[in-house]
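Single-structure report; data block below.
Chain letters run A, B, ... following the sequence lines, proteins first and then strands; every chain starts at 1.
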Amino acid sequence: MNLLNWLESRKLIYQKTNESNLSDQLEKKQICAYLGADLTASSLHIGHLLPLRILKILSEHGCKSIFLFGRGTTMIGDPSLRTKERPMLSQEEIYQNMNNIKPQVDKLIKNVIYEDNANWLLNTNLIDFLREVGSKFSVNQMVNLETFKNRIENNNPLSFLEFSYPILQSYDFYHLNKNHGCNLQIGGSDQWGNIINGVHFIKKMTSKETYGITLPLLLKGGKKMGKSVGGAIWLDEKQTSVFDFWQFWRNLPDSDVEDYLLKFTDIPHEEIKDMVKNSINDAKKKIADYLTSWVHGEEKTKNAKEKSISIFENKNMNSLDEFKLDDKQFSNSEIKLTKLLVEIGLSDSASDAKRKIKNNSITVNSELIEKQDAVISKNDFDSEIIVGHGKKKKIKVVLAK
RNA sequence: GGAGGAAUGGUCGAGUGGUUAAAGGCAGCAGGCUGUAAACCUGCCGACGGUGUCGUCUACGUAGGUUCGAAUCCUACUUCCUCCA
């Protein structure tokens with residue numbers, strides 16, 4: 001089976017350009033692929049994993065791979081499929097984000113070339129750019145792009161700043177093509193319009209053929225996996241602990257497990273089907289192991305897994321994270337539970353803690369707390385106490401010496 | 001250039017002077033049942049607060065104004081839509 005067919009069989013391809021030529025080039029290893037990332041946050045999140053996996057597969061297949069930091073384009077903000085303008089980030093923030101993200105990519109893929117589109121976008125001369133590049137784009141076609149459809153149909157404002165985004169991304173592709181011979185761009189399914197524009201642009205500029213692939217959206221329970229609000233799972237372990245990262249995959253809905261194993265592992269399909277059918281929980285551990293190892297390494301994965309098994313399967317509270325509570329937090333040898341919850345990180349604020357207590361989700365030493373003004377006295381710490389939120393989050397609290 | 005309409009919380013969408021922190025849906029969080037799953041049932045869901053069914057603050061495009069009181073009325077501005085030129 002050739003590479004493209006294999007990718008298809010793994011459901012890793014959503015859309016692609018010129019299939020037969022692309023496949024040929026892949027087999028001849030004459031592909032140089034690039035993946036771009038916006039720098040809107042200080043860490044990558046799980047939504048980036050699938051495109052990175054493709055880049056990694058291509059790289060291991062012998063194709064040159066480029067990871068492009070969108071330091072220039074992030075200053076514009078990709079409007080693709082969005083309903084509102086993004087907030088603008090300062091140059092310093094964007095730069096800082098790049099510095100945080102680079103080590104993450106380093107860990108995920110070897111032999112990748114880094115580029116930063118600020119290097120060529122920030123110093124362009126406007127008139128030259130419009131004459132050279134802008135003249136090649138048809139507004140008539142651009143307004144019909146899926147990318148802008150949402151905005152235009154719903155009458156949401158779309159500024160020229162954002163409208164120019166596909167042009168800049170196309171220019172990136174052209175630039176990489178010129179300097180690295182890059183001829184394949186990969187991206188999420190929302191990138192199709194941007195990618196296809198780049199392919200057309202390069203064709204116009206150089207008559208050369210280039211290719212594009214988009215990936216399917218990751219689903220959660222049949223719905224789009226939201227990376228918004230409470231749901232973001234970050235690759236940075238300071239933002240999402242390794243344990244929580246492992247737990248996230250361990251808790252996937254049954255209906256998604258086959259798809260995730262197919263996309264993220266090399267396990268033969270038959271074997272996956274078998275696992276899902278006969279031991280769904282082992283299958284979930286498999287996917288958790290696989291992805292956590294990739295992102296955080298074997299060692300940390302092993303620890304997270306052991307901890308999970310110890311806590312959830314063996315009910316062994318000794319494995320819990322320990323929080324050392326400072327003496328100063330007590331007044332009259334007592335501490336309010338709401339304050340304690342905030343201290344140990346189970347709540348964002350006293351109000352939040354109260355809400356949680358009201359929801360019957362807070363336990364102390366496995367006893368449900370019903371009173372919002374509950375107080376823990378110092379004597380209770382003769383031994384450790386275990387504070388729980390829901391049935392999945394528990395923290396062991398001891399007095400600091 | 002002219003006439004009219006619209007802008008509501010993460011999102012969609014009610015609400016046209018006061019019991020409105022603002023109906024309802026979706027998303028999210030939590031509890032029950034389970035398998036650390038789904039479905040289903042229930043609760044929470046602007047923020048903060050030493051803890052009351054109470055207080056403070058913030059919020060209905062932006063900035064002012066009228067009023068004891070405004071998401072609701074007035075003025076200006078911004079953006080979008082429709083029609084006329």
Per-nucleotide pairing state of RNA chain B [Watson-Crick or G-U, under 3.5 Å; [ ] pseudoknot-crossing; | other strand]: ((((((((.[[[..)..(.....]]].(((((.......))))).((((....))))...[[[[[..)....]]]]]))))))).
If the cut-off is 4.0 Å, is A/R355 near the phosphate of B/C48, judged by side-chain N/O to OP1 or OP2? yes
Test side-chain contact (heavy atoms from CB on, under 4.5 Å), reference A/I31, set A/D24, A/N183, A/L3, output is A/N183
Are there more than 12 heavy atoms of other residues, nucleotides or ligands under 6.0 Å from atom NZ of A/K29? yes
Separation of B/G43 C1' from A/Q372 CD (nearest whole Å): 13 Å
Any donor-acceptor pair under 3.5 Å joining the side chain of A/D254 to the base of B/G35? yes
OP1, OP2 of B/A37 versus side-chain N and O of A/S255: anything below 4.0 Å? no
Closest nucleotide among B/U51, B/A37, B/G50 to the A/A350 side chain: B/G50
Take the protein atom CD1 of A/I357 and the nucleotide atom P of B/G49, then report the distance between them rounded to whole Å. 13 Å
Taking donor-acceptor contacts at under 3.5 Å, does the side chain of A/K391 reach the base of B/G32? no
Side chains of A/S308 and A/Q247: any donor to acceptor distance under 3.5 Å? yes
Does B/A47 have OP1 or OP2 sitting under 4.0 Å from an N or O in the side chain of A/S351? no
Answer whether the closest heavy-atom distance between the side chains of A/L108 and A/L235 falls below 4.5 Å. yes
Contact under 4.0 Å: A/K392 side-chain N or O vs B/A37 OP1/OP2: yes
Using only heavy-atom distances, decide whether a donor-acceptor pair under 3.5 angstrom links the side-chain of A/K358 to the base of B/G43. no
Is the NZ or CZ atom of A/K102 both under 6.0 Å from the centre of the six-membered ring of A/Y114 and within 45° of that ring's axis? yes
